[in-house]
Q: 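Below is the structure I would like to discuss, written out as structure tokens.
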There are 4 protein chains.
Amino acid sequence: MADPSRRSSSKQAAILAAAASLVAASGYRAVTIEAVAAAAGVGKQTIYRWWPSKPALFIDVYDQLVAVGAPDRTQSAPRQVRAILRQVFGLYATTPAAAILAGLIADAQHDEAARHALIHGLIGGRGPVLTQPLAAARAQGRLPADFEVEWAAEMVVALIWKRVLSGGTLDDDFAERIIASVFAKVAP
Amino acid sequence: MADPSRRSSSKQAAILAAAASLVAASGYRAVTIEAVAAAAGVGKQTIYRWWPSKPALFIDVYDQLVAVGAPDRTQSAPRQVRAILRQVFGLYATTPAAAILAGLIADAQHDEAARHALIHGLIGGRGPVLTQPLAAARAQGRLPADFEVEWAAEMVVALIWKRVLSGGTLDDDFAERIIASVFAKVAP
Amino acid sequence: MADPSRRSSSKQAAILAAAASLVAASGYRAVTIEAVAAAAGVGKQTIYRWWPSKPALFIDVYDQLVAVGAPDRTQSAPRQVRAILRQVFGLYATTPAAAILAGLIADAQHDEAARHALIHGLIGGRGPVLTQPLAAARAQGRLPADFEVEWAAEMVVALIWKRVLSGGTLDDDFAERIIASVFAKVAP
Amino acid sequence: MADPSRRSSSKQAAILAAAASLVAASGYRAVTIEAVAAAAGVGKQTIYRWWPSKPALFIDVYDQLVAVGAPDRTQSAPRQVRAILRQVFGLYATTPAAAILAGLIADAQHDEAARHALIHGLIGGRGPVLTQPLAAARAQGRLPADFEVEWAAEMVVALIWKRVLSGGTLDDDFAERIIASVFAKVAP
DNA sequence: TCGTAATCGAGACGGTACGTCCCGTCTTTTC
DNA sequence: GAAAAGACGGGACGTACCGTCTCGATTACGA
């Protein structure tokens, strides 16, 4: 991405909105940069000026759609995870975020930049939302000292990815199963 | 597909071998049908005659590479899962199977046929390798009656997919973590 | 063509009939050897065994369709030409011969064998039908001694080809114009 | 075709030149659009953007090669026709125009667009070069009032096509024969 | 009457060109 | 003089036939 300060924020917003709306209508793969440009009333080059590729653009689209707030730290760790999962599942149900995530994971398989951005942007950036509450709870003794925070986060991400990628449902039952598995040793 | 009895098995083998070797050399996405045909000394149409698309071809390539034998049923469930995981991780380390799996998952995001084949072929077909030992162990009382076999399988698949898709390592430590999480409630 | 004596004449007839009927239905170009074989209930190789190419086959089809009888030699040269033209135009109206001729001329532009067969078969073979009556009439003094028989034949062929190739009509008026031009110097 | 004002005239010229040169080297049929694109240093799509098909492209190539000037109107009609024929025969001898014409006539047999363009472009567009001088001469009384201009033009075209299509020579003798036949009734 | 060979249908095969799609860059035109 | 509009080189796609080749089933014939 180029210096964001040079971006016309109204055009940027129009591009991101057009991209999100096109994905919602046709799916990630079917959306071309050309179509986004046309829908946003913008030249193709304007998009390429700010984002080097389609995945880079859609990482920003995803970021805009999925803004997960930190959970209530006074609650138990499982409850905090439940809150996060419900928030995320809600966004996946009401926005094309899940389709974008699946598309980005797909693109990351052949696009090194997308892979890097995916891992360090989406995962690296969002990881703390999960790991910080868990680490805090462990520090406060509300989780066992040997609770493996990173592994717990990997399990959560893995299970969500798998359902997103294979078109499975993201419902409360799924959230409960995730929590049960992640905290299996904790609350017997 | 046409009548498979007329298929030249030597051509078929050459095509699958060429495809596997090209993926190993250049990655899934960079491999074109045309290149596979050239490498196999075959006309492009010969590939399209028997496989409708690139994912369909590579599902067969994957199937040929990853032939997982059933584990020793006399062992405990965790040990059987460990045996399966080691077998799979070994194949992923020595063949391009992991790259193919990642590419197939990516393709499945926009190719309905690939999605169907992926879910019903790779997963549906291989699922029993995992679920049957677990179900048998549960039936014999070696696992609790409420042990959720399908969920256990989903966890295993999810964790493997995630590492494959994000380029993580597939080592013994990972296998042990998977087993620990899947059997967390069983062996305290 | 291979030794015709080895041909099964019933199959040969079926092939020629199928070819003619397919041209009538779809035009020369759209007919493939494969379709002719299927329509004749014959293997593709059976056709290739006897005819080296599509043009070679259709020269035989044309030959079978267009069998022009010699005109009545007791009549005047223009009347004999008129008789020939009407006969030919009648066949072109009732059979796909015109489409075949046009297709053969087209094929002859890139297929040396077709060109040779066209010139020496269709033209060389049929030329005498026109030139012999004219030469005879000239020899008998019914045409001027300087009447150029070959040129007259070339004019007739040229005008017919042009109408056939450009989809023009082949009617009595056209025949009369041809005769008037060919015999312009003769009957003022 | 898209808005022609956006067409790059240098690319267009390169494409037409490459096409003409390839026909001269290999003949009409052997030239592929892909080869023209490569020889012109152009993407295949750039050709397909402006011309819908190979015949459409080569009609423009022909148009560029064969630019026949109007003859000297003060001369007699036969002299004007002679001037036109020599001009055309000269171009056929020095450029691949004859090969292109033959190829276009062949293509017109199965390509409706080519047929239309051939008849209304090449013939319709060039017809006046022949018919206007003849019509003018007739109007001025230098040709009989019943001289059939259209038929004369058809004869000329027919004879040229026939020689072009059958690989005959286009020399002065041929031109004189054409003139003699066309004006047979006029100059006894 | 049967076994063997020739024949032939059916269609798979290597190959070539097609015309389309979309990428990311470059050029022109418009405001 | 920025940016829309879109032309451009490039490359893969999946299709249609070509003319050759391979395979079995079906005959025809000599034992």
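Chain naming here is simple, since letters A, B, ... match the order of the sequence lines and numbering starts at 1 in each.
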Q: Has D:T46 got a side-chain N or O lying under 4.0 Å from the OP1 or OP2 atom of F:dA7?
A: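 No, outside the criterion.
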Q: What I'd like to find out is whether the side chain of C:W51 reaches to under 4.5 Å of the side chain of C:I59, using heavy atoms alone.
A: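 No, side chains not in contact.
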Q: Tell me the closest heavy-atom pair linking B:P55 and B:D107, and the distance in Å.
A: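 It is CG-OD2, 3.4 Å.
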Q: Compare the minimum distances between each of F:dC8, E:dC13, F:dA4 and the side chain of B:W50, then state the nucleotide with the smallest one.
A: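 Shortest atom-to-atom distance from the side chain points to E:dC13.
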Q: Can you tell me the distance, in whole Å, between the NE2 atom of B:H110 and the P atom of F:dC13?
A: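 These atoms are roughly 11 Å apart.
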Q: For A:W51 and E:dG24, give me the distance from atom CH2 to atom C1', rounded to whole Å.
A: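 For the pair A:W51 CH2 and E:dG24 C1', the rounded distance is 16 Å.
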Q: Heavy atoms only: give me the nearest C:V36-C:I15 pair and the separation to one decimal.
A: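 Distance-wise, the nearest heavy atoms are CG1-O, 3.8 Å.
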Q: Write down the protein N/O and nucleotide N/O pairs, taken from nucleotides 18-22 of chain E, whose separation is under 3.5 Å; answer none if there are no such pairs.
A:
| residue | atom | partner | partner atom | Å |
| --- | --- | --- | --- | --- |
| E:dC18 | OP1 | D:I33 | N | 3.4 |
| E:dC18 | OP2 | D:I33 | N | 3.2 |
| E:dG19 | OP2 | D:Y48 | OH | 2.4 |
| E:dG19 | O5' | D:Y48 | OH | 3.4 |
| E:dG19 | N7 | D:K44 | NZ | 3.0 |
| E:dG19 | O6 | D:K44 | NZ | 2.8 |
| E:dC21 | N4 | D:Q45 | OE1 | 3.1 |

Q: If you pin C:D111 and D:Q12 to their nearest nucleotides in DNA chain F, which one's is more 5'?
A: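 By nearest-heavy-atom nucleotide position, the 5'-most residue is D:Q12.
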Q: Check for me whether D:K54 meets the cation-pi criterion with D:Y28, that is, NZ or CZ under 6.0 Å from the six-membered ring centre and within 45 degrees of the ring axis.
A: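 Yes, a cation-pi geometry holds between D:K54 and D:Y28.
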Q: Taking all non-hydrogen atoms of both residues, which atom of C:D111 and which atom of C:S53 are closest, and how far apart?
A: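 Heavy-atom minimum between the residues: OD2-OG, 4.1 Å.
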Q: Would you name the heavy atoms of D:A108 and D:L118 that are closest together and state the gap between them?
A: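 Smallest interatomic distance, heavy atoms only, reads CB-CD2, 3.7 Å.
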Q: Round to a whole Å and report the spacing from OH of B:Y28 to P of F:dA12.
A: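 Rounded to the whole Å, the gap is 15 Å.
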Q: Whole angstrom is fine here: how far is it from CD1 in A:I47 over to C1' in E:dT25?
A: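 After rounding, the reported distance stands at 15 Å.
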Q: What is the distance from NZ of B:K11 to C1' of E:dG15, rounded to the nearest Å?
A: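 The distance from NZ of B:K11 to C1' of E:dG15 comes to 13 Å, rounded to the nearest Å.
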Q: Between C:R29 and D:A40, who's closer to the 5' end of DNA chain F by nearest nucleotide?
A: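 Mapping each residue to its closest nucleotide by heavy atoms, the 5'-most match is D:A40.
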